[in-house]
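Worksheet: the structure to be examined is printed underneath.
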Amino acid sequence: MTNKTATLSIPGSEGNQEIQLPIHEGTMGPDVVDVGKLTGHGAFTFDPGFTSTASCESKITFIDGEKGVLLHRGYPIEQLAEHSDYLETCYLLMHGELPNAGQKKAFVDMVTNHTMVHEQIRTFYNGFRRDAHPMAIMCGVVGALSAFYHDSTDISDPYHREVAAFRLIAKMPTLAAMSYKFSIGQPFMYPRNDLDYSANFLHMMFGNPCEPSVISPTLARAMDRIFLLHADHEQNASTSTVRLAGSSLANPFACIAAGIAALWGPSHGGANEAVVKMLDDIGDVSRIDEFVAKAKDKNDPFRLMGFGHRVYKNFDPRANVMKQAADEVLAELGIQDENLEIAKRLEEIALSDPYFIEKKLYPNVDFYSGIILKALGIPTSMFTVIFAVGRTVGWIAHWNEMIAESSRIGRPRQLYTGYSTRDFVPVGKR
Ligand code: SDX
């Protein structure tokens, strides 16, 4: 903390009020002006969309949008994507340090031994239509976990919070794969403890009881990197939703279900599914200019999906890693995907267009991820579910950080522009 203060002068009937507001400095990034005491002076701040608002203090992830920097507990995402793996990154996000060999083995073993779900949960799926969107299923079944795990919902107990975290990280792939199997009418596959996290997920997605699963290490590594690149991203919409739900002391399963719901929208995690649909609609590089023109047309609600970001006003480092991974995976699998060529050409055209340059619109994490997921055989409807699986650790890490600091309930105020007080009018006089 510093002794720096900001002076706010608010005009009033008795002249200007000069208010001294404390300034807090972080390790990196902008200082923050603490406006908490403004209420006492009869004023609120106003920042719909929270463009300039820090909702909390956190030590988990840092983003520099101007420089395209993303750090998890200080480690650059590029280094983690190259040298680490998803569960090791989960340990880092939750505990603040990279694990040593013993700590990593204990963490991986704990996750591996929590991947099964209660047999009763399997019957939940039968309540959905076969064509239900997998995200609708995930919202339901993840929230329902709180009906099964009463032994880990005392959120004041750090041990309960840790058990809930392990259960969620371990079971999300199982529930996700079940939502896919249900949609295609195939039997659910039980997790296998002899497979690593991402290979196990591919086994549960594409295996069947009639023959042993053969999981390609290339595909498993690509899947793991996808999960890792989606693990956390500071105070994004879904993480902020989890924090707000958690501030009411709701159980962790309900909070994660709220995060899944918020992630679903096409402006957020639903963008990866929308990108592939957009690339399919474009269909050929010759039509790119037509779609770029639509994206620039203020009268057309169409936006280039996978482009732009509230924070990144330079490249999204995850998009760069994802683009490189897309090239590698398709080359190793010998797959020619027209959408990859369209995506690369679209990026070139957009990044040289004054509209996108002026508005600082760059490809984000969702722009290339769909190309890889499609190469892995993941259906488009499962893309946002994959995002949710990867992001679960980020949601849990932020939820735990907030609860551990016993944050107060989040309760924003508003600018009221409705009617002033008026008297009720009996129906005969309306
Ligand atoms: C994720 O927050 C996170 O960290 C999210 C995420 C994470 O890991 O959790 O990074 C994951 O959600 C990535 C974003 C995925 N969404 C998309 O790709 C959908 C397409 N992009 C947008 O809708 C938009 O860019 C947002 C939602 C991502 C950001 O919206 P902002 O910051 O509120 O920006 P804005 O809507 O105010 O746009 C600013 C200007 C506008 O033009 P003007 O009104 O100023 O004239 O840029 C334009 C917008 O019209 N614009 C776009 C555009 N994105 C913004 N124009 C065309 N195509 C686009 N994609």
Side-chain angles (χ1 to χ4, degrees), residues 29 47-55 58 60-66 68-72 77 81 89 93 135 226-243 259-279 282 288 290-322 343 346-347 349-351 353-370 383-384 386-395 397-398:
D47 184 18
F50 311 119
T51 305
S52 304
T53 295
S55 61
S58 180
I60 299 170
T61 289
F62 175 75
I63 303 171
D64 183 325
E66 292 304 326
V69 169
L70 169 56
L71 307 178
H72 289 322
I77 189 65
T89 302
L93 288 167
M135 283 296 278
I226 290 268
F227 286 142
L228 188 153
L229 290 169
H230 287 86
D232 188 49
H233 211 239
E234 198 217 64
Q235 307 308 324
N236 58 86
S238 53
T239 300
S240 299
T241 300
V242 171
R243 277 182 173 262
I260 293 171
L263 183 75
W264 194 356
S267 288
H268 191 11
N272 53 18
E273 180 176 350
V275 165
V276 172
K277 288 195 173 88
M278 175 185 73
L279 295 173
I282 293 173
I288 288 175
E290 172 193 337
F291 281 79
V292 169
K294 278 171 60 71
K296 293 159 60 175
D297 179 354
K298 297 310 293 171
N299 300 317
D300 190 326
F302 172 78
R303 287 189 165 187
L304 278 191
M305 301 317 285
F307 262 78
H309 199 277
R310 172 62 58 78
V311 178
Y312 289 122
K313 300 311 173 189
N314 196 319
F315 61 94
D316 177 338
R318 301 167 298 173
N320 289 353
V321 176
M322 212 70 91
L346 175 56
E347 178 182 359
I349 292 172
L351 295 188
D353 184 295
Y355 173 93
F356 293 88
I357 294 170
E358 177 215 326
K359 296 183 187 296
K360 299 185 176 180
L361 303 175
Y362 289 81
N364 57 49
V365 67
D366 294 305
F367 190 60
Y368 286 102
S369 58
F383 285 9
T384 309
I386 300 294
F387 194 145
V389 172
R391 184 53 57 86
T392 294
V393 66
W395 291 331
H398 283 275

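Start at 1 and go down the list; that is how both ligands and their atoms are numbered.
Counting heavy atoms from C-beta outward, Met322 and Val365 have side chains that approach closer than 4.5 Å.
Residue Phe302 qualifies as enclosed at atom CZ: its count of foreign heavy atoms under 6.0 Å is above 12.
Note on residues 299-314: pairs passing side-chain hydrogen bond (donor to acceptor under 3.5 Å, both in side chains), not counting sequence neighbours, are His233-Tyr312, Lys294-Asp300.
Every residue was checked against the salt bridge (charged side-chain N to carboxylate O under 4.0 Å, His left out) condition with Lys359, not counting sequence neighbours, and none meets it. Applying the side-chain contact (heavy atoms from CB on, under 4.5 Å) rule to Asn320 yields the partners Phe315; only residues at least two apart in sequence or on another chain are considered.
Closer than 4.0 angstrom to ligand 1 by heavy atom are His233, Asn236, Pro266, Ser267, His268, Ala271, Ala295, Lys298, Arg303, Leu304, Met305, Gly306, Phe307, Gly308, His309, Arg310, Arg318, Tyr355, Lys359, Leu361, Asn364, Asp366, Phe387, Arg391, sorted by chain and number.
Here the OG1-CH2 distance, from Thr392 to Trp395, works out to 5.0 Å after rounding to the nearest 0.5 Å.
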